[in-house]
Each structure stands twice: as C-alpha cells, then as structure tokens.
Amino acid sequence: RWVAKQRYQYRLLQEGKESFMIDERVQKLETIGFQWSSRRSANETAVRPAVFAGRATDMEPVSTST
C-alpha cells in the first residue's frame, strides 16, 4: 500500500500535477533501489528491499546485524 502511494505520487509529479513527492524523496528512494514501476522486464533482477527500523521516516536503511 505504501509502495503504491509512492508510485502514484511520483506519477503525478511526472505529469506536472500536484504531488507531495519532492526531489529529495525521489533521490532517497532511488538510492535504496526503489522500483517506480511494478512491471519488471524479463531480464531485470529483483532488488532486495531495504530494512527499516520501527517507524523510521527519514528513509535511511538501518542495519539489523548485531
């Protein structure tokens, strides 16, 4: 659900419509390998999702190893 909302807001941004998506958020999501499209080509490899601690909102991956 969260992923779909990010993709929707990004699409609005690309279309020049009102969106809460800002360049900084786009850059952070791209840094962690966010897929803007839910469709993957046959030769595209899956990207492992980043692990986030609790309700982190700064979009920075957090290590879970001890």
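Please read these numbers as outputs of a predicted model, since none were measured by experiment.
Through side-chain heavy atoms spaced under 4.5 Å, either directly or across other Ile, Leu, Val, Met, Phe, Trp or Tyr residues, I22 is tied to no other residue. Apart from Y8 itself, the hydrophobic cluster it occupies contains L12, where clustering links Ile, Leu, Val, Met, Phe, Trp and Tyr at side-chain heavy-atom distances under 4.5 Å.
Counting only residues at least two apart or on different chains, the ring pair (Phe, Tyr, Trp, His ring centres under 6.0 Å) pairs with a member in residues 10-31 are Y10-W36.
Shown here are the side chain to side chain donor-acceptor pair (under 3.5 Å) partners of E18, two or more places apart in sequence or in another chain: there are none. Every residue two or more places apart in sequence or in another chain was checked for a side chain to side chain donor-acceptor pair (under 3.5 Å) with T31, and none qualifies.
Taking CZ of R25 as the start and CG of L13 as the end, the distance is 11.5 Å to the nearest 0.5 Å. Note that CD of Q6 and CZ of R1 are 12.5 Å apart. Values are rounded to the nearest 0.5 Å.
Between R7 and F34 the shortest side-chain heavy-atom distance falls below 4.5 Å.
L29 approaches M21 most closely through the heavy-atom pair CD1-CE, 4.3 Å.
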